[in-house]
Student: 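Dropping the structure in here first, questions after.
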Amino acid sequence: MGKIYDVIIIGAGPAGLSAGLYAGRARLSTLIIEKGKDGGQIGQTDEIENYPGSLSEETGPSLIARMTAQAERFGVERVVDSVEDVELEGDVKKIKCKRGEYSAKTIIIANGATPVPINCPGEKELIGKGVSYCATCDAAFFEDFEVYVVGGGDAAVEEAMYLTKFARKVTVIHRRNELRAVKSIQEKAFKNEKLEFMWDSVVKKLKGDGLLESMIVENVKTGERTEIFADEEDGTFGVFVFIGYSPNSSLYDGKVVMNKGYILTDDDMKTNIPGVFAAGDIREKSLRQVVTAAADGAIAAVQAGKYIEEME
Ligand code: NAP
């Protein structure tokens with residue numbers, strides 16, 4: 001049998017890298033498996049204003065680069081590979097990847113979650129340049145600008161209300177003529193004078209050279225298309241998309257207890273399987289932010305160390 005690590009961490013976003021840092025510092029032999037670039041969602045975020053200690057010049061990639069370097073300083077091993085299957089039961093857990101197989105006494109699941117995109121032309125290119133999936137992260141960049149929110153559920157309406165504290169005007173674009181959000185949230189929203197609604201409408205295209213400058217919205221009942229342009233003085237506007245969130249948890253289907261795809265843990269990040277922990281956005285939790293992901297990772301690594309001590 002090959003090497004058995006103390007800890008294998010799946011995913012190198014803030015939760016996984018923080019887990020790596022704490023596991024490495026505790027002298028646990030640790031491997032982080034990441035299929036692409038480090039950073040997860042914040043790898044695509046232009047500015048990070050709300051991570052403690054980050055100043056205005058901080059970007060998602062710059063913060064992540066420091067997190068990566070810090071974890072590696074403590075001897076954490078890295079592999080770039082795509083996990084295809086996991087065997088989580090028993091004292092030795094196996095992670096089967098496209099190019100190799102790895103074993104460990106404990107596993108920290110930190111695959112994150114992905115906001116559901118509109119999937120229209122221009123959206124991908126303009127992420128962080130007008131298009132956002134996180135009001136808590138990006139609202140402050142739209143102080144006094146016009147903002148559009150796509151969606152009609154609890155998240156869209158709550159986040160739209162939050163955005164009215166920053167933006168000059170917020171318009172919710174919803175594909176039907178009534179909201180899905182619960183009535184209590186709707187009542188508050190309809191009283192908010194800075195909030196407007198564009199019913200029966202979907203965003204078909206986002207346009208801009210460097211920054212979001214205009215978008216094409218289609219009325220689904222009449223088929224009529226309208227191009228909405230940024231105010232000339234502003235030069236840009238915001239589009240916040242809240243049409244659902246998808247945890248990256250299909251690998252663990254039927255193996256770990258979940259609720260709507262989010263992995264359930266206790267306060268120590270323990271899942272229902274001994275020696276298996278989950279951290280970050282893949283967990284069921286109330287606030288999905290870099291700071292909470294990093295905290296989860298630290299807790300999971302410390303608990304993994306305790307689990308190993310108790311095994312021995
Ligand atoms: P959601 O409830 O599934 O709502 C998604 C919204 O996006 C719906 O209005 C849906 O339209 C719309 N939508 C879906 N796909 C779309 C597409 N391709 N193009 C345009 N619009 C699209 O999701 P959520 O608001 O993220 O909430 C997720 C869960 O978290 C829910 O259970 C919610 O109750 C909960 N949550 C609770 C709170 C709270 O209690 N304070 C806050 C946030 C979230 P249709 O209505 O036409 O389907």
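Every number for a ligand or one of its atoms is a count from 1 in the order of the listing. All values below were derived from every heavy atom in this structure, side-chain atoms included, with hydrogens, water molecules and symmetry-related copies excluded.
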Student: Please determine if Arg176 has a nitrogen or oxygen closer than 3.5 Å to a nitrogen or oxygen of ligand 1.
Tutor: yes
Student: Please indicate, with yes or no, if any protein heavy atom is found under 4.0 Å from atom 29 (C) of ligand 1?
Tutor: no
Student: What protein heavy atom sits nearest atom 2 (O) of ligand 1, and how far off is it?
Tutor: Arg180 CD, 3.6 Å
Student: Does the protein put a heavy atom less than 4.0 Å from atom 33 (C) of ligand 1?
Tutor: yes
Student: Do you see a donor-acceptor pair shorter than 3.5 Å between the side chains of Thr136 and Asn50?
Tutor: no
Student: Any atoms of ligand 1 less than 4.0 Å from a non-hydrogen atom of Ala155? List them with their elements.
Tutor: 24 (P), 25 (O), 26 (O), 43 (C), 44 (C)
Student: Tell me, please, whether Phe237 has Arg168 positioned over its six-membered ring: NZ or CZ under 6.0 Å from the ring centre and within 45 degrees of its axis?
Tutor: no
Student: Does an N or O anywhere in Gly152 fall below 3.5 Å from an N or O of ligand 1?
Tutor: yes
Student: Taking all non-hydrogen atoms of both residues into account, name the closest pair between Asn177 and Lys221 and its distance.
Tutor: ND2-NZ, 3.5 Å
Student: Can you tell which of Glu159, Glu178, Glu158, Arg175 gets a heavy atom nearest to atom 11 (O) of ligand 1?
Tutor: Arg175
Student: Closest non-hydrogen protein atom to atom 23 (O) of ligand 1, residue and atom name please, with distance?
Tutor: Gly244 CA, 4.1 Å
Student: Would you check if there is a donor-acceptor pair between the side chains of Tyr51 and Gln289 at a distance under 3.5 Å?
Tutor: no
Student: Taking atom types as modelled, is there a side-chain donor on Tyr252 or Asn111 under 3.5 Å from an acceptor on the other?
Tutor: yes
Student: Taking the inter-plane angle between the rings of Phe142 and Phe145 on a 0 to 90° scale, is it parallel (under 30°), tilted (30 to 60°) or perpendicular (over 60°)?
Tutor: perpendicular
Student: Return yes when at least one protein heavy atom is under 4.0 Å from atom 44 (C) of ligand 1, and no when none is.
Tutor: yes
Student: Looking only at distances, please establish whether an N/O atom of ligand 1 is found under 3.5 Å from an N/O atom of Gly153.
Tutor: yes
Student: Using heavy-atom distances only, which candidate in Val116, Asn177, Asp154 approaches atom 36 (N) of ligand 1 most closely?
Tutor: Asp154
Student: Can you tell me which residue among Asp266, Asp267, Asp296 is in a salt bridge (Lys or Arg N to Asp or Glu O under 4.0 Å) with Lys285?
Tutor: Asp296
Student: With no hydrogens and no angle check, do the side chains of Glu224 and Asn219 hold a donor and an acceptor under 3.5 Å apart?
Tutor: no
Student: In the protein, what heavy atom is nearest to atom 18 (N) of ligand 1, and what distance, to one decimal place, separates them?
Tutor: Ile243 CD1, 3.7 Å
